[in-house]
Amino acid sequence: MARKIIIDTDPGQDDAVAILLALASPELEVLGITCVAGNVPLNLTTKNARIVCELAQRPDIKVFAGCDKPIARKLVTAEHVHGKTGLDGITLPDPEMPLQTAHAVDFLIDTLRHEPVGTVTLCPIGPLTNIATAMQRAPDIIGRIQEIVLMGGAYFEVGNITPAAEFNIYVDPEAAKIVFGAGAPLTVMPLDVTHKALTNRTRVDAFRAMPGRVGPAVASWTDFFERYDKEKYGSEGAPLHDPCTIAYLLRPELFSGREINVEIETGSELTLGMTVADWWRVTGRPANARFMGDVDAAGFFALLLERIARL
Ligand code: RIB
Ligand code: CA
């Protein structure tokens, strides 16, 4: 029986690779893709999600438009990282598959209410606006969620958009506070892990050498996407942030972390969106997240290459 998941996303090149990994993996059943404003505005994230589904030859996937701005703040986007289309690096045809008419938040609520309790996993890989809005509108869904496996936050790595905050949390810190405080089983893939999941020449060349269109598209995306992190961190290649969530569902043993307390800063302008992770357990606050700290990068890329090659 495949594991049922909903991917909540703001594509973004790394989101695209996460979606492809999920669609290439028979262990997972993607019930739907819910889009949120983040890396680029909502009209582009909904377009990009469908471009990726069609690249994977899956026009049957249900794609939903969600919130077009954070709960309580102006939208901050990241064209400087992802380009103005959000999928810069290669030009793919405009999507022909339809966008679903239902709102993403209604889809999240209805699906969690209709699927058996504890059988749907949420994989948020962008700002948490859709997830938090669904929880606020229908608190009864919280106890029905099997697990939330999200990409966001940081502890040792601290911030990538400000000195203190990671982008997904920073864009909608109020939403993150709701999700981290909801009490649903929560697994967090922070920058501490994703900055170890770096592409390199060998890995990108392996994508480029794949037959078909998918591997070369992933190579082109990472070639574009890596320049920001290379300039800023001097890193060897692009950090494949979002695919870490899907890889965790497929091979959790690739990752290690701790059950700890994680709180979200929503008051201070200086540290807004910081994930205050009690990694050393000094506060006595109850654990609310499995916060990952390490990944077997070679194993992660072996999985990713093997699966993408199937598309
Ligand atoms: O900080 C990394 C996160 O921000 C990733 O999800 C990336 O896609 C961007 O949304
Ligand atoms: Ca993302």
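Since the structure is predicted, the reported quantities are computational estimates derived from the model, not experimental observations. We count ligands from 1, going down the list as the structure has it; atoms in each ligand are counted the same way.
The Ca ion (ligand 2) sits nearest to atom OD2 when only the N, O or S atoms of Asp242 are considered. Asp10 has its closest N, O or S atom to the Ca ion (ligand 2) at the position named OD1.
When only modelled atom types and interatomic distance are considered, Gln13 and Thr222 share no side-chain donor-acceptor pair under 3.5 Å. With hydrogens and angles left out, the side-chain atoms of Asp8 and Thr34 include a donor and acceptor closer than 3.5 Å. Between the side chains of Asp172 and Thr129, at least one donor N or O lies within less than 3.5 Å of an accepting N or O.
Here Val81 has no heavy atoms under 4.0 Å from ligand 1, in either its backbone or its side chain. Residue-level proximity to ligand 1 for Asp10 is carried by the side chain, the only part with a heavy atom below 4.0 angstrom. Residue contacts with ligand 1 for Asn160 involve side-chain atoms from C-beta outward but no N, CA, C or O (heavy atoms, distance under 4.0 Å). Contact annotation for Asp14 and ligand 1: only side-chain heavy atoms (C-beta onward) come within less than 4.0 Å of the ligand.
The residue among Met189, Glu157, His82, Glu166 with a heavy atom at the shortest distance from atom 3 (C) of ligand 1 is Glu166. Considering each of Asn168, Thr245, Val171, Asp15, the one bringing a non-hydrogen atom nearest atom 10 (O) of ligand 1 is Asn168.
Heavy-atom contacts of His241 reach the following atoms of ligand 1: 2 (C) (cutoff under 4.0 Å). Each of the following atoms of ligand 1 lies closer than 4.0 Å to a heavy atom of Met151: 2 (C), 3 (C), 5 (C), 6 (O).
In summary, Phe167 places no N/O/S atom under 3.0 Å from the Ca ion (ligand 2), failing the contact criterion. Metal site remark for the Ca ion (ligand 2): Asp14 contributes no N, O or S atom at a distance under 3.0 Å.
Between Glu54 and Arg213 there is no salt bridge, since none of the side-chain N atoms of the basic residue sits less than 4.0 Å from a carboxylate O of the acidic one. The existence of a salt bridge linking Asp294 and Arg258 is excluded, since no basic side-chain nitrogen approaches an acidic carboxylate oxygen closer than 4.0 Å. With salt bridges taken as basic N to acidic carboxylate O contacts below 4.0 Å, none links Glu259 and Arg281.
Once rounded to the nearest 0.5 Å, the distance linking CD1 of Ile33 with CD1 of Ile125 reads 8.5 Å. Asp68 CG to Leu42 CG: the interatomic distance, rounded to the nearest 0.5 Å, is 6.0 Å.
In this structure, Arg251 forms no cation-pi arrangement with Tyr248, as its terminal cationic atom is not both closer than 6.0 Å to the ring centre and no more than 45° off the ring axis.
For ligand 1, the polar-atom distance check finds no N/O of Gly126 at less than 3.5 Å from any of the ligand's N/O atoms.
A centroid separation of less than 6.0 Å is found between the aromatic rings of His80 and Tyr228.
Expressed to the nearest 10°, the angle at the Ca ion (ligand 2) joining O in Ile125 with OD2 in Asp15 is 90°.
What sits closest to atom 6 (O) of ligand 1 on the protein, heavy atoms only, is Asp242 OD1, 2.6 Å. Remark: minimum distance from atom 9 (C) of ligand 1 to any protein heavy atom is reached at Asn39 OD1, 3.1 Å.
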